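To keep things clear, I will list the structure first and then write my remarks on it.
Keep in mind that this is a model prediction, so the values were computed, not measured. In what follows, chains are A, B, ... by sequence order, proteins preceding strands, each numbered from 1.
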Number of protein chains: 2
Amino acid sequence: MTLGQKIKELRESKGMLQRQLAAKLEIGDGFLSKVEHDQKALKREHLNSISKIFDYPLEELESLWIATRIYELVKDEQSALNALKVAEEQIKYGKTHAKV
Amino acid sequence: MTLGQKIKELRESKGMLQRQLAAKLEIGDGFLSKVEHDQKALKREHLNSISKIFDYPLEELESLWIATRIYELVKDEQSALNALKVAEEQIKYGKTHAKV
DNA sequence: CTAAATTTGACCTTTTTAAGTCAAGTCTGA
DNA sequence: TCAGACTTGACTTAAAAAGGTCAAATTTAG
């Protein structure tokens, strides 16, 4: 599940049109279409609005939002999964040894 | 282990000075110092040189290089690890359903 | 101590990315 | 068929990131 898929799913579950959701987010509907196809990224602030409009947990939206960015970064890499593992270790290590 | 740490390790294992390695890479030694501390990123092409200079597998350097970028992206995120999991799924799914 | 090695901060230029818009084209279903 | 919904490609502009340099300050080893 990507963020775009999730947004589309939420939108359709309420029978809302792209135009309507786009208006609430104050963006064009062409842009929203691309967002739903993960061709463009929303601003992070938009996640708050989406969370409220659909009463869906913000944390989940944020995870999807970050994940999409990670995916964009590594999608053409042969060693994407391995790099993810390495990054995971770095994060875990960083967490325990954080410098203030 | 980060890329910077690995480069420093390789360099010192050969008793090489920053100045010497920097010259081989055709960068300034101030810049290399920052690279070793993961404050700046090398160009990807530099990995090839490093791999040859130290006879160290390129794939490992690349994984570390990508991982550092991922780390930069998520280091301030509370849900970094969770996002990584989500990204992993997206990659696995993407791999099997690649469009050409 | 002191000289060489390293680290750091400030700064710089060029390239990319972000975050859209808009209009034309395509799809869908009544 | 044909209107409304959606998708897509081309384009834009401001902001940020890439990829450094250089000199001053600091660290380290002999």
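Every residue was checked against the side-chain hydrogen bond (donor to acceptor under 3.5 Å, both in side chains) condition with Gln39(A), not counting sequence neighbours, and none meets it. Shown here are the salt bridge (Lys or Arg N to Asp or Glu O under 4.0 Å) partners of Lys8(B), two or more places apart in sequence or in another chain: there are none. Remark: Leu73(A) engages Arg69(B), Ile70(B), Leu73(B) in a side chain to side chain contact (heavy atoms under 4.5 Å, CB included) (not counting sequence neighbours). Residues satisfying the side-chain hydrogen bond (donor to acceptor under 3.5 Å, both in side chains) test with Thr2(B), not counting sequence neighbours, are Asp38(B). In this view, Glu88(A) and Lys85(A), Lys92(A), Leu81(B), Leu84(B), Lys85(B) satisfy the side chain to side chain contact (heavy atoms under 4.5 Å, CB included) rule, not counting sequence neighbours. Under the rule for a side-chain hydrogen bond (donor to acceptor under 3.5 Å, both in side chains), the partners of Glu9(B) that lie at least two apart in sequence or sit in another chain are Lys6(B).
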Anything under 3.5 Å between a protein N or O and an N or O of nucleotides 25-30 of chain C, put it in a table, one pair a line.
none

Could you go through nucleotides 13-21 of chain C and list every protein N or O atom that sits under 3.5 Å from one of its N or O atoms, giving the distance for each pair?
residue: dG20(C); atom: O6; partner: Lys40(A); partner atom: NZ; Å: 3.2
residue: dT21(C); atom: OP2; partner: Gly28(A); partner atom: N; Å: 2.7
residue: dT21(C); atom: O4; partner: Lys34(A); partner atom: NZ; Å: 3.1

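Across all non-hydrogen atoms, the minimal contact from Ala41(B) to Phe31(B) is O-CZ, 3.7 Å. Across all non-hydrogen atoms, the minimal contact from Leu42(B) to Trp65(B) is O-NE1, 3.1 Å.
Looking at His46(B), its side chain does come within 3.5 Å of a backbone N or O of Leu25(B) through a donor-acceptor pair. A donor-acceptor pair is defined here as one N or O able to donate and one able to accept, closer than 3.5 Å; no such pair exists between the side chain of Asn82(A) and the backbone of Ser79(A).
Near DNA chain C, meaning a heavy atom under 4.0 Å from it, residues 4-21 of chain A has no residue at all.
Residues in residues 52-65 of chain B take part in these salt bridge (charged side-chain N to carboxylate O under 4.0 Å, His left out) pairs, two or more places apart or across chains: Arg44(B)-Glu62(B). Sorted by first and then second residue, the pairs that involve residues 12-35 of chain A and meet side-chain hydrogen bond (donor to acceptor under 3.5 Å, both in side chains), not counting sequence neighbours, are Gln18(A)-Glu36(A).
The distance between atom CG of Asp38(A) and atom P of dT8(D), rounded to the nearest whole Å, is 12 Å. The separation between Glu36(B) atom CD and dT6(C) atom C1' is 9 Å, rounded to whole Å.
Note on the helix from dC1(C)-dG30(D) to dA30(C)-dT1(D): terminal axis deviation equals 50°, with five pairs used at each end and the result rounded to 10°.
Residue Val35(A) is not grouped with residue Leu17(A) when hydrophobic side chains (ILVMFWY) are merged at heavy-atom distances under 4.5 angstrom, including chains of intermediate members.
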